[in-house]
Amino acid sequence: MTREQLLHLVDRARRGVILPAELDQLHHGIETVHARLDELEQQIIRHNYPTR
């Protein structure tokens with residue numbers, strides 16, 4: 001899901017016109033972004049604190 005698609009769904013939710021299938025897409029998009037942020041955080045930690 002692209003950033004634009006995710007923002008479009010957020011906009012529809014804000015306006016109260018989001019469809020159930022779109023709400024599922026929004027949920028999936030948020031979960032995907034969260035997982036990616038967790039991965040990046042772990043990469044930063046490994047980069048800054050390499051094991052010896």
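Atom CD in Glu39 sits 12.0 Å away from atom CD1 in Ile44 (nearest 0.5 Å). Rounding to the nearest 0.5 Å places NE2 of His27 at 4.0 Å from CD of Glu31. Of the inter-residue distances, the one linking Leu6 atom CG with Ile30 atom CD1 reads 6.0 Å to the nearest 0.5 angstrom.
By the 4.5 Å heavy-atom criterion applied to side chains, Ile45 and Gln42 are counted as neighbours.
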Got a list of side-chain donor-acceptor pairs under 3.5 Å for residues 9-24, not counting sequence neighbours?
from  : atom 1 : to    : atom 2 : distance (Å)
Asp11 : OD2    : Arg15 : NE     : 3.1
Asp11 : OD2    : Arg15 : NH2    : 3.1
Arg12 : NE     : Glu22 : OE1    : 2.8
Arg12 : NE     : Glu22 : OE2    : 3.0
Arg12 : NH2    : Val17 : O      : 2.7
Arg12 : NH2    : Glu22 : OE1    : 3.1
Glu22 : OE1    : Leu19 : N      : 2.9

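Summarising the geometry of Gln25 relative to Met1, their closest heavy-atom pair is O-CE, 3.6 Å, with the distance given to 0.1 Å.
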